[in-house]
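Before any comments, here is the structure.
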Amino acid sequence: MNISEFILMSLKTIQRGTVDRKSSFRLPVLSTALNNKVFQRIVVARNFDEYDHSLLIFTDRESQKYYQLHHNKNCSLLFWDQKQKLQVQVDGEASIVENKKTHWDKLNDKQKDDYKIIPFPGKKISSARDYEFNSSDDRFEVVNIKFKQMDVLQLSSSGHCRAKCIFTKNSLKEYWVSP
């Protein structure tokens with residue numbers, strides 16, 4: 001396999017994660033940083049733009065994730081597929097999508113309720129179920145993570161393969177690295 005095929009296979013696996021609920025790439029780990037502290041959480045990969053090399057995720061405007069990305073747009077995503085023994089790390093830059101209505105309209109009522117929780121996400125409550133879904137605020141946000149670089153590692157008993165890719169406006173810079 002040549003390097004371009006290896007990188008393309010990884011990008012296609014990320015893209016498949018946005019449409020295949022059974023794909024392990026559907027739920028990457030998102031890492032953010034603020035004030036010299038790193039935060040990680042699982043997110044749902046919603047849409048991948050293969051031309052722009054960017055991934056959409058959804059969040060609540062009152063969440064720590066939104067606050068962290070609003071104050072530091074640099075983030076990373078970690079994807080892992082146990083069956084393929086494929087790990088993909090992405091360094092990216094987050095931005096808030098202005099036109100979110102089309103994404104909101106595709107959500108079912110239960111999914112929409114997730115953005116109406118009171119008290120706000122991360123706030124202390126007295127018991128596990130001491131929250132409601134009755135916020136009238138429109139707190140739904142769409143975050144676009146533009147890929148800056150990607151590190152792909154394929155583990156194999158016959159020999160590991162690892163490559164890096166740097167995304168520029170009009171091209172990809174791909175190169176093999178030692179696993």
Side-chain angles (χ1 to χ4, degrees), residues 10-82 87-151 167 169:
S10 303
L11 292 169
K12 291 291 185 189
T13 305
I14 290 171
Q15 185 174 35
R16 186 171 57 250
T18 65
V19 295
D20 179 358
R21 291 183 171 272
K22 293 182 181 179
S23 169
S24 59
F25 273 38
R26 178 141 180 93
L27 301 171
V29 175
L30 171 69
S31 297
T32 57
L34 189 64
N35 300 328
N36 293 320
K37 189 172 179 185
V38 176
F39 303 87
Q40 299 175 334
R41 81 281 285 150
I42 302 291
V43 294
V44 178
R46 299 292 183 168
N47 186 42
F48 179 73
D49 185 325
E50 64 184 297
Y51 302 104
D52 192 39
H53 301 109
S54 62
L55 182 75
L56 293 182
I57 62 169
F58 299 162
T59 192
D60 186 314
R61 185 179 335 101
E62 295 296 333
S63 70
Q64 291 177 349
K65 176 191 338 150
Y66 179 85
Y67 181 81
Q68 292 155 3
L69 290 171
H70 184 72
H71 288 85
N72 180 359
K73 59 186 172 183
N74 296 308
C75 60
S76 66
L77 293 161
L78 176 64
F79 300 86
W80 170 249
D81 185 306
Q82 175 68 31
Q87 173 184 280
V88 178
Q89 299 176 69
V90 174
D91 292 333
E93 188 173 290
S95 62
I96 305 304
V97 174
E98 295 298 322
N99 185 7
K100 57 188 177 183
K101 184 176 177 357
T102 56
H103 301 288
W104 177 256
D105 290 344
K106 291 178 185 176
L107 298 179
N108 64 40
D109 288 342
K110 171 70 177 99
Q111 292 169 316
K112 290 178 180 180
D113 279 348
D114 290 338
Y115 303 97
K116 297 178 180 180
I117 293 176
I118 295 291
F120 296 149
K123 298 296 181 192
K124 186 176 181 179
I125 54 178
S126 59
S127 65
R129 303 274 187 235
D130 189 22
Y131 59 89
E132 299 175 5
F133 300 98
N134 66 0
S135 173
S136 60
D137 293 341
D138 177 11
R139 300 188 337 236
F140 174 74
E141 296 291 345
V142 179
V143 178
N144 183 56
I145 300 171
K146 176 99 168 103
F147 291 15
K148 294 192 297 187
Q149 76 174 21
M150 185 170 72
D151 185 316
F167 299 90
K169 189 169 182 125

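For Lys112, there are no salt bridge (Lys or Arg N to Asp or Glu O under 4.0 Å) partners two or more places apart in sequence or in a different chain.
In this structure a side-chain-to-backbone donor-acceptor pair under 3.5 Å is present from Lys146 to Asp52. Asn47 contributes no side-chain N or O that, together with a main-chain N or O of Leu56, makes up a donor-acceptor pair within less than 3.5 Å. For the pair Asn35 (side chain) and Lys37 (backbone), a donor-acceptor distance under 3.5 Å is absent.
A salt bridge links Asp60 with Arg139: the distance from a Lys NZ or Arg NE/NH1/NH2 to an Asp or Glu carboxylate oxygen falls below 4.0 Å. Remark: Glu141 engages Arg61 in a salt bridge, criterion side-chain N to carboxylate O under 4.0 Å.
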>> Could you walk me through whether Leu11 and Glu50 satisfy the side-chain contact (heavy atoms from CB on, under 4.5 Å) test, starting with their C-alpha distance in whole Å, then the side-chain angles of each, then the deciding distance to 0.1 Å, before giving a yes or no?
In response: CA-CA 8 Å; Leu11 292 169; Glu50 64 184 297; over 6 Å; no

>> Run Asp151 and Val88 through side-chain contact (heavy atoms from CB on, under 4.5 Å) and show every step you take.
In response: CA-CA 6 Å; Asp151 185 316; Val88 178; over 6 Å; no

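Between the CZ atom in Phe25 and the CG atom in Leu78 there is a gap of 8.5 Å [rounded to 0.5 Å]. Separating the CZ atom in Arg46 from the CG atom in Leu107 is a distance of 6.5 Å, to the nearest 0.5 Å. If you take NE2 on His70 and OG on Ser63, they are separated by 12.0 Å, rounding to the nearest 0.5 Å. Taken to the nearest 0.5 Å, the CD atom of Gln89 stands 9.5 Å off from the CD atom of Gln149.
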Contacts table for residues 114-132: side-chain donor-acceptor under 3.5 angstrom, sequence neighbours left out:
| residue | atom | partner | partner atom | Å |
| --- | --- | --- | --- | --- |
| Ser126 | OG | Asp130 | OD2 | 2.8 |
| Glu132 | OE1 | Asn134 | ND2 | 2.7 |

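In this structure, the side chains of Leu69 and Val143 come closer than 4.5 Å at one or more pairs of heavy atoms. When side chains are defined from C-beta on, Ile145 counts as touching Leu30, because their heavy atoms get closer than 4.5 Å. In this structure the side chain of Val38 never reaches within 4.5 angstrom of the side chain of Thr32, judged on heavy atoms.
Counting only residues at least two apart or in different chains, side chain to side chain donor-acceptor pair (under 3.5 Å) contacts with residues 17-29 comprise Ser24-Asp81.
Taking the six-membered ring where tryptophan is involved, the planes of Phe140 and Phe58 are perpendicular, since the angle between them exceeds 60° and thus also 30°. By the 30° and 60° cut-offs, the orientation of the rings of Phe48 relative to Phe147 is tilted.
Nearest heavy atoms, Ile57 versus Val43: CG2-CG2, 3.9 Å. Nearest heavy atom pair, residue Gln40 against residue Ser31, reads CG-OG, 3.3 Å.
A 6.0 Å sphere centred on CG of Asp109 holds no more than 12 heavy atoms belonging to other residues, nucleotides or ligands. Annotation: Lys100, atom NZ; neighbour count of heavy atoms from other residues, nucleotides and ligands within 6.0 Å is above 12.
Each of Gln64, Arg41, Lys65 was evaluated against Thr59; a single residue qualifies, Lys65, per the side chain to side chain donor-acceptor pair (under 3.5 Å) test.
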